[in-house]
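Have a look at the structure below, then the notes.
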Amino acid sequence: MKPIVLHVAAEVSPFHKSGGLGDVLAGLPPALDDEGVDVRIITPRYGGTSKFTSIGGEEGLAPWPVPLRITLAGQPIDVRVYEARTHRGQATTYFVEAEHLSRGNLYGYGDDAYRFAVFGKAAVAIASVLSRSRNVGRVSVLHAHDWHAALALYYAKALASSVQGIPCVFTIHNLAFQGQERASTTPYLDIAWEAFHEVFEDHGTLNLLKGALLIADRITTVSPTYSHEIRTARYGHRMDGLLRWMSHKLRGITNGIDTSVWNPATDKHLPATFDADDLAGKEACRTALRFELGLHPSKAPLLGCVSRLTMQKGIDHLCDVADDFVRRGGQLVVLGEGEEPLEHRLHWLSMSHPGAIAFRRAFDEGLAHRIYAASDLFAMPSRFEPCGLAQMYSMRYGTIPVARATGGLVDTIAPLHNLHEVGGATGILYRSDESDALRQALHWGLAVAHDPAALAAMRSNGMREDFSWQKSARTYVEMYRELGL
Ligand code: ADP
């Protein structure tokens with residue numbers, strides 16, 4: 001029987017996703033399966049947001065036959081677990097449905113720490129059952145993702161004897177989110193005061209991510225450049241000192257993308273498909289998207305952006321330069337939702353440039369695919385970017401990313417240095433975190449879009465790049481082996 005690596009994560013696409021975390025938990029498991037690992041995933045079953053179409057609707061979910069009893073701070077909590085073969089048969093996923101945890105949205109509630117403590121308890125209970133079962137392989141590694149899964153590591157080490165010795169990996173998908181709470185929350189999450197002082201305390205507050213960094217046997221983050229950046233004061237979100245100290249167990253492994261889902265030759269969301277040898281379908285996608293979003297029919301270079309609308313993503317800079325971009329003959333389409341002031345600015349830009357700027361405030365997977373396919377350029381003016389997937393989707397769909405040189409953007413985009421000598425370039429990178437730098441980079445983007453030879457060369461370079469998960473999966477497996485897989 002194959003050894004089990006048990007992943008614990010708040011998002012798994014296509015069931016529930018708010019960003020890249022969900023995509024990683026969609027793409028990495030099949031690649032690990034290919035490397036001989038029995039991949040099992042524990043994730044919440046939320047209320048209204050969970051979509052189970054890809055495993056045959058609700059019928060695809062089988063109630064787990066093992067009754068689970070958990071208590072949190074002395075309170076018994078009702079938990080139901082549903083099991084399914086997922087990832088086209090390459091992984092098993094356990095969906096945890098529990099009081100408090102299973103609500104309409106993934107996050108954003110005042111008691112999120114408590115909700116994910118319930119999740120952590122349930123995850124460890126499932127791990128304990130699996131580790132005692134004779135019908136499955138050995139649970140060899142517990143791999144937790146982001147702060148929502150941090151408490152699973154603590155409960156595993158501190159409370160549950162049957163999983164205590166299992167090596168733990170913690171992956172940072174975004175260091176900005178740390179699960180920080182008032183210290184007084186500590187007993188309600190079943191954290192011993194001793195552990196609070198030794199592991200979780202962060203300037204008098206409770207910091208769940210910090211605890212996971214200390215508990216884990218290995219820490220990974222999602223690109224080599226980000227793994228260096230987070231050890232600096234500028235990008236370290238106050239954890240840089242700790243991370244420098246933890247350097248011996250920290251490494252950066254670049255995310256891949258699920259190339260079967262993100263494939264312009266077969267993508268069901270597109271009105272026309274295409275590939276690197278025949279881009280006619282891309283032109284059809286562009287015409288259709290203009291119609292869908294009410295943009296003027298035109299040959300203007302189209303700049304796309306699909307993003308959480310947050311300061312992290314530099315959306316304010318995009319708003320600053322949108323006017324200039326349109327005045328120079330471009331068109332802009334933005335899909336996203338997030339911080340209200342940014343949504344308002346984008347709404348106003350679309351009102352004041354009808355037919356040239358379109359803004360859709362929504363989370364819409366199909367439209368996202370159509371934007372990657374239809375655009376010439378794709379904006380990622382991120383202040384920091386742990387890995388970023390959108391730039392890889394863009395390149396795969398023949399769209400040139402214009403991105404700030406930070407984190408995974410540096411590791412995945414080969415930058416253009418000279419307009420007259422494209423070489424192996426796949427995108428445009430700029431350094432300074434200022435709108436003017438983005439403006440300049442977009443001028444380059446427009447120049448490329450108007451130069452058929454440069455455009456074709458960069459498109460072709462990007463579309464032929466190998467962004468599959470295979471290489472990263474091998475690196476993860478090497479690390480699991482160091483831990484005794
Ligand atoms: P992050 O995880 O920081 O949000 P990534 O670039 O790693 O950024 O991943 C973002 C993922 O979320 C991509 O798959 C992107 O297409 C998707 N996404 C973001 N906003 C939306 C939206 N409004 N509608 C559809 N997909 C979105």
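We count residues from 1, following the sequence as given. Just so you know, ligand 1 is whichever comes first in the structure, and atom 1 is the first atom listed for that ligand.
The side-chain contact (heavy atoms from CB on, under 4.5 Å) test with L101 is passed by exactly one of V96, D112, D111: V96.
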>> Please evaluate residues L270 and H369 with respect to the criterion side chain to side chain contact (heavy atoms under 4.5 Å, CB included), reporting the C-alpha separation (whole Å), side-chain torsions for both, the decisive distance (0.1 Å), and the verdict.
In response: CA-CA 7 Å; L270 307 185; H369 285 240; 4.3 Å; yes
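Of the possible polar contacts, one joining the K249 side chain to the L213 backbone as a donor-acceptor pair under 3.5 Å is found. Using modelled atom types, one side-chain atom of T287 and one backbone atom of E283 make a donor-acceptor pair closer than 3.5 Å. Looking at D217, its side chain does come within 3.5 Å of a backbone N or O of C168 through a donor-acceptor pair.
In the model, R40 has a side-chain atom that pairs as donor or acceptor with a side-chain atom of Y94 under 3.5 Å.
Numbered from 1 in the order shown, with element, the atoms of ligand 1 that lie under 4.0 Å from a heavy atom of R308 read 1 (P), 3 (O), 4 (O), 20 (N). Less than 4.0 angstrom separates some heavy atom of G19 from each of these atoms of ligand 1: 2 (O), 4 (O), 11 (C), 12 (O). Residue contact check: G336 has heavy atoms under 4.0 Å from atoms 23 (N) of ligand 1. Counting the atoms of ligand 1 from 1 in the order shown, those under 4.0 Å from a heavy atom of A368 are 25 (C), 26 (N).
Looking at atom 22 (C) of ligand 1, its nearest protein heavy atom turns out to be F363 CD1, 3.5 Å. Of all protein heavy atoms, the one lying nearest to atom 14 (O) of ligand 1 is D23 OD2, 2.7 Å. Among protein heavy atoms, the minimum distance from atom 23 (N) of ligand 1 is reached at A362 O, 2.7 Å. Nearest protein neighbour of atom 20 (N) of ligand 1, counting heavy atoms only, is S307 C, 3.6 Å. What sits closest to atom 8 (O) of ligand 1 on the protein, heavy atoms only, is K313 NZ, 3.0 Å. Given atom 15 (C) of ligand 1, the protein heavy atom at minimum distance is Y372 OH, 3.4 Å. In this structure, the protein non-hydrogen atom closest to atom 2 (O) of ligand 1 is G20 N, 2.5 Å. Among protein heavy atoms, the minimum distance from atom 6 (O) of ligand 1 is reached at L389 N, 3.0 Å.
For a threshold of 3.5 Å applied to N or O pairs, the pair formed by E365 and ligand 1 contains no separation below that value. For ligand 1, the polar-atom distance check finds an N/O of K17 within less than 3.5 Å of one of the ligand's N/O atoms.
Distances from ligand 1 to the non-hydrogen atoms of H173 include no value under 4.0 Å. Proximity of L335 to ligand 1 is established by a heavy-atom distance of less than 4.0 Å.
By the 6.0 Å contact criterion, OH on Y107 is enclosed, its count of non-hydrogen atoms from other residues, nucleotides or ligands being greater than 12.
If you check each of V222, D364, I371, L367 against atom 25 (C) of ligand 1, the one with the closest non-hydrogen atom is D364.
The two residues L335 and A362 have their closest heavy-atom pair at CD1-O, 3.4 Å.
The aromatic rings of Y372 and Y397 are tilted relative to each other, their planes meeting at an angle between 30° and 60°. Classification of the H145-H7 ring pair by plane angle, with boundaries at 30° and 60°, yields parallel.
Residue N255 does not touch ligand 1, judged by heavy-atom distances below 4.0 Å.
Aromatic rings from Y114 and H100 are positioned such that their centres are separated by under 6.0 Å.
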